[in-house]
Amino acid sequence: MEPLIDVKASPMECTSLSTSAPIWQDILAQAMTGELLAAMNYASLSEICDDPAEVADALEHAQGERGHAAAFAAEGIKIGVDVPSNVDAKHWKRLRDAFLRCIAERDFIGCLIVQEIMLESFAVASYSRVGKVAPGSLGKTFARIAAEEEDHVDHAMSILRAERALAAQRFDDKVYRLHLEVMTTLAQMLAKECKDGHCEVCHASCVKPRLFDVSLSAAELRGASLRQYLRTLDMLGIPGEVTLSWVTQLPV
Amino acid sequence: MGDSVACVARRGPASEVDFALIGHQESWRAAADVLAVLRGPERTPLPDDEIKDLLPWIPPRAVCHLNVGSIVGAKARGLYIDSFIPPDRLEAAYVHENIARVRGAAACAINTGAKIVSLGGFSSILIEGNFDQLPERHDTAFTTGNTLTVAFIVQGIKKLCALEGRNLQRSTLLIVGATGDVGSGCAHCLAPMVKRVLLSARNVERLRRLAAELQAQGVQVEIATSLQRFSAEADLVICAASLASPSLLLGQIAPGALVCDAGYPKNLSPRAELLGATVFFGGLGQITGGLRFAPDFHGILNRHPFPDVVHGCLLEGMALALEGRFEPFSQGRGSITRERVEEMEAIAARHGICLAPLYNADGPVEDGPHGQTEKQPMQETAGQKWIRE
Ligand SMILES: NC(=O)c1ccc[n+]([C@@H]2O[C@H](COP(=O)([O-])OP(=O)(O)OC[C@H]3O[C@@H](n4cnc5c(N)ncnc54)[C@H](OP(=O)(O)O)[C@@H]3O)[C@@H](O)[C@H]2O)c1
Ligand SMILES: [Fe+2]
Ligand SMILES: [Fe+2]
């Protein structure tokens with residue numbers, strides 16, 4: 001199998017981040033796993049596209065996500081840590097499986113909803129928060145990638161809006177069905193405490209309680225992600241009172 | 001899809017909305033109850049710490065649909081929009097964040113095509129003087145709802161005076177938060193009917209200006225920024241200060257005083273010692289032509305011990321919608337006059353929106369058919385139970 005990412009960085013920026021480095025390592029590992037999963041999702045998407053332009057688009061996206069993963073790996077090297085990834089970790093695997101079910105049904109719109117509306121909301125919001133507190137180039141990289149992910153969402157938005165205009169109720173029902181699958185998993189992943197064992201990405205015990213040491217918190221990352229998700233659903237035109245009840249029904 | 005969600009989603013185009021009500025929750029208990037309804041009875045309610053962590057992240061949005069009826073047959077459809085201002089973040093420190101939330105809620109109202117929007121509780125306080133900061137709107141009018149609030153405060157005071165056999169003309173009226181929109185509206189309505197008016201707020205210049213206006217009408221007025229200076233003589237009290245939490249101690253007032261707490265959140269601190277006073281929560285009205293919530297937020301969004309009771313500020317938007325008068329009836333701090341109050345009262349009354357039964361933290365104040373009132377129990381303090389909730 002060809003390597004998923006191509007790391008180009010040298011450990012020049014190894015700094016005095018020694019105490020917080022293990023925390024950044026876990027944050028980077030989660031981010032890198034998400035990027036690799038996104039790359040896999042776009043690669044799968046390219047296989048169900050009929051239009052050559054859409055195929056090219058999906059492959060370009062996949063390449064972009066691999067670039068993001070490489071950038072995160074490079075940031076790890078700069079602070080002297082190895083950034084592992086695990087797309088088979090339990091939550092991430094369930095997210096991938098949900099996407100693959102859309103692929104199996106050749107449901108292009110479903111794929112966009114899962115990747116662009118749900119997973120990217122989480123990426124944009126959490127990277128932005130990390131970007132605000134992470135030092136130096138680490139912070140800049142998170143902020144830059146957050147902005148690029150936002151562009152992905154914008155791109156999908158016009159396609160999804162047009163789809164909703166055709167049959168709003170059918171579209172909303174589909175979003176809700178995917179929400180139950182994907183957002184429930186994301187909510188479990190983002191819960192303030194991991195109640196169902198190790199996430200299989202963090203290198204030692206769960207990083208969540210230690211996020212306070214780098215001015216972050218699990219509650220904040222979850223809150224920001226859900227807010228981003230609600231705003232994205234608002235942009236799609238799904239009634240706010242409907243999406244509010246969806247979100248309040250998620251597990252905590 | 002869950003039943004309640006499907007039913008709301010299929011309600012039809014949002015442009016069929018006549019009015020929108022913008023509000024926020026007064027306490028974490030109230031917020032928890034709202035989220036519990038949204039979560040549905042089959043799920044365990046969210047723990048308090050999760051609610052406090054989640055709510056601040058919710059962007060302003062509609063929570064439920066409302067249908068209101070008039071006793072003359074008119075009907076209006078509306079939406080309740082929550083700005084999701086966290087109940088413990090009403091202080092000045094959060095003003096910019098809160099203005100942004102109210103603007104967001106206003107944008108929701110405009111997007112739904114609501115023709116009239118009531119700005120409940122702190123929403124109007126945050127936006128008053130900054131109406132130009134609201135998103136661009138064409139066919140949506142905003143009202144603070146304070147004229148009908150003043151009407152119900154004044155009606156409540158008069159009713160309780162009548163029940164207690166008090167002579168309004170011999171009373172000394174203290175208004176806390178006197179220079180505010182609600183406070184000054186109450187002053188304009190009641191000052192000519194009482195013996196003496198005591199005005200209190202923090203800014204002395206504004207107090208002086210209001211006092212001068214009233215004195216020009218022949219009213220006997222005193223002002224003070226410290227209640228201790230003159231509250232002992234007050235036998236009628238209206239609390240209408242924009243306090244972020246129930247923190248008003250009030251100090252000494254006349255024995256057996258009648259006290260209207262019109263704040264949202266309530267003004268009176270649980271520690272306020274109002275022994276022998278009769279306290280009621282003011283500014284509340286009741287809809288007699290029918291009120292329906294979908295999903296059913298009855299008693300949750302309007303937490304009162306009587307059915308179909310709603311704050312005056314929100315009722316004003318409903319009354320204007322039933323009347324088909326889609327205009328910014330109340331706007332501009334300090335412009336509520338007696339004539340405008342009478343006009344709004346008449347509109348509301350025409351549609352069966354009238355003064356709510358008087359009550360306080362311990363329950364109904366009007367007791368039985370003879371209208372005997374309950375005194376504040378000697379050991380209990382005003383607002384205590386309310387706060388405990
Ligand atoms: N019951 C209802 O249906 C209803 C409807 C609408 C509004 N309300 C409530 O009524 C209250 C007043 O609303 P509004 O629109 O009149 O507000 P407003 O125009 O902002 O006026 C607030 C008044 O309170 C005074 N004040 C503020 N902080 C104070 C403090 N710490 N001590 C003493 N006075 C203080 C202000 O004067 P200084 O700044 O000079 O002190 C001003 O006189 C709010 O709680 C609001 O939520 C209730
Ligand atoms: Fe990415
Ligand atoms: Fe992406």
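Reminder, nothing fancy here: chain letters follow the sequence lines and each chain counts from 1. Here the structure is a predicted model, which means the values were calculated and not measured. Values reported hereafter were calculated over all heavy atoms of this structure, with side chains retained and with hydrogens, waters and symmetry mates removed.
- Of the listed residues (L55(B), L54(B), I58(B), L35(B)), the greatest number of heavy-atom pairs within a distance under 4.5 Å of chain A belongs to L54(B).
- Chain B is approached within less than 4.5 Å, heavy atom to heavy atom, by no residue from residues 153-164 of chain A.
- In terms of modelled atom types and a separation under 3.5 Å, the side chain of E241(A) and the main chain of R61(B) share no donor-acceptor contact.
- A donor-acceptor distance shorter than 3.5 angstrom exists from the side chain of R39(B) to the backbone of L250(A), with no hydrogens or angles considered.
- Residue with the most contacts toward chain B among S217(A), G223(A), A168(A): G223(A) (heavy-atom pairs, distance under 4.5 Å).
- Across A62(B) and L244(A), no two heavy atoms sit closer than the pair O-CD2, 4.0 Å.
- Taking every heavy atom of both residues into account, V252(A) and P47(B) meet most closely at CG2-CD, 4.2 Å.
- Within the 4.5 angstrom heavy-atom criterion, atoms from both the backbone and the side chain of E220(A) approach chain B.
- Sparse packing is recorded around NZ of K93(A), with 12 or fewer heavy atoms of other residues, nucleotides or ligands lying under 6.0 Å away.
- Heavy atoms from other residues, nucleotides or ligands lying under 6.0 Å from CD of E193(A) number 12 at most.
- Atom-to-atom distance recorded for L46(B):CG and T248(A):OG1 is 7.5 Å, nearest 0.5 angstrom.
- Contacts between L226(A) and chain B at a heavy-atom distance below 4.5 Å involve the side chain alone, from C-beta outward.
- Contacts between P56(B) and chain A at a heavy-atom distance below 4.5 Å are absent for every atom of the residue.
- By the neighbour-count criterion of 12 heavy atoms within 6.0 Å, atom CZ of R43(B) is densely surrounded, having more than that number from other residues, nucleotides or ligands.
- Both the backbone and the side chain of D49(B) come within less than 4.5 Å of a heavy atom of chain A.
- Interface remark: R222(A) contributes side-chain atoms only to the contact with chain B (heavy atom separation under 4.5 Å).
- Every pair tested for salt bridge (Lys or Arg N to Asp or Glu O under 4.0 Å) that includes a residue from residues 311-321 of chain B fails, sequence neighbours excluded, so the list is empty.
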